[in-house]
Amino acid sequence: MSPRRNRPRRDDAVRLDTERARHGVAAVQQWRDGEWQVRGISGGASTKTYRCPGCDQEIRPGVAHVVAWPADGRGDLTDRRHWHTGCWRARDRRAPVIQRGRNAPRHG
């Protein structure tokens with residue numbers, strides 16, 4: 001008689017969806033400007049350079065950040081924006097970043 005097996009077999013174990021784990025799970029967040037789908041991106045899953053709309057600085061490959069897009073069906077995949085995590089959390093407390101040319105007036 002063979003001994004009883006106390007561990008589950010590897011075949012019986014629930015398999016982890018590595019793509020879903022790598023890209024995070026989207027959650028809906030409520031903000032003053034509506035509901036947003038927000039997904040955290042780990043540093044390992046970040047492979048491209050993006051520009052954060054909160055601070056207008058680059059998000060380099062390998063830096064953890066969040067991706068947000070409208071949750072109420074107002075937009076599509078082209079409305080996704082990559083944000084620094086801190087910029088996303090502070091977006092209600094800061095003014096929007098306005099792009100100006102070098103010779104543009106500072107006021108008005």
Side-chain angles (χ1 to χ4, degrees):
M1 184 165 170
S2 61
R4 191 176 104 182
R5 180 184 294 244
N6 288 331
R7 294 175 301 197
R9 294 180 185 205
R10 288 185 187 246
D11 297 340
D12 296 338
V14 176
R15 299 220 183 254
L16 177 65
D17 183 1
T18 56
E19 273 305 300
R20 187 172 177 196
R22 215 178 104 181
H23 292 292
V25 178
V28 177
Q29 293 183 8
Q30 182 70 34
W31 290 83
R32 281 189 280 182
D33 58 349
E35 291 185 348
W36 294 85
Q37 288 274 349
V38 180
R39 175 176 289 160
I41 304 294
S42 68
S46 175
T47 59
K48 292 173 36 180
T49 299
Y50 299 99
R51 182 149 312 263
C52 175
C55 65
D56 197 38
Q57 299 296 313
E58 288 185 347
I59 302 172
R60 300 266 180 181
V63 175
H65 61 281
V66 297
V67 178
W69 64 95
D72 57 2
R74 287 184 289 147
D76 57 8
L77 292 178
T78 60
D79 293 320
R80 290 182 298 178
R81 296 293 176 259
H82 294 254
W83 294 71
H84 290 109
T85 306
C87 293
W88 176 254
R89 289 184 190 138
R91 61 189 284 246
D92 275 346
R93 296 188 306 264
R94 63 168 54 151
V97 176
I98 299 171
Q99 297 291 321
R100 293 188 176 96
R102 287 182 177 226
N103 298 328
R106 288 262 188 221
H107 306 296

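Every heavy atom of this structure was used, including side-chain atoms; hydrogens, water molecules and symmetry mates were not.
- Between Ala71 and Val28, the closest heavy-atom pair is CB-CG1, 4.3 Å.
- Summarising the geometry of Arg60 relative to Thr49, their closest heavy-atom pair is CA-OG1, 4.5 Å, with the distance given to 0.1 Å.
- Relative orientation of the His65 and Tyr50 rings is tilted, given thresholds of 30° and 60° on the angle between their planes.
- Relative to the ring axis of Trp83, Arg91 places its NZ or CZ within 45° and under 6.0 Å from the centre.
- Looking only at atom types and distance, the side chain of Gln29 has a donor-acceptor partner in the side chain of Trp88 under 3.5 Å away.
- The backbone N or O of Ala68 lies less than 3.5 Å from no partner atom in the side chain of Arg80, so there is not a single donor-acceptor pair.
- Residues Ala64 and Thr85 approach most closely at O-OG1, 4.2 Å, considering heavy atoms.
- Rounding to the nearest 0.5 Å gives a distance of 7.5 Å between CD1 of Ile59 and SG of Cys87.
- Both Trp69 and Ile41 belong to a single network of hydrophobic side chains, linked directly or stepwise wherever heavy atoms of I, L, V, M, F, W or Y lie under 4.5 Å apart.
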Handout entry: Steps toward side-chain contact (heavy atoms from CB on, under 4.5 Å) verdict (Arg39, Val66)
Key = CA-CA 6 Å; Arg39 175 176 289 160; Val66 297; over 6 Å; no
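- Smallest separation of non-hydrogen atoms from His82 and Pro53: O-CD, 3.2 Å.
- Judged by distance alone, with hydrogens and angles left aside, the side-chain atoms of Arg32 form a donor-acceptor pair with the main-chain N or O of Asp92 at under 3.5 Å.
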Handout entry: Pair His84-Gln57, side-chain contact (heavy atoms from CB on, under 4.5 Å): steps then yes or no
Key = CA-CA 9 Å; His84 290 109; Gln57 299 296 313; 4.2 Å; yes
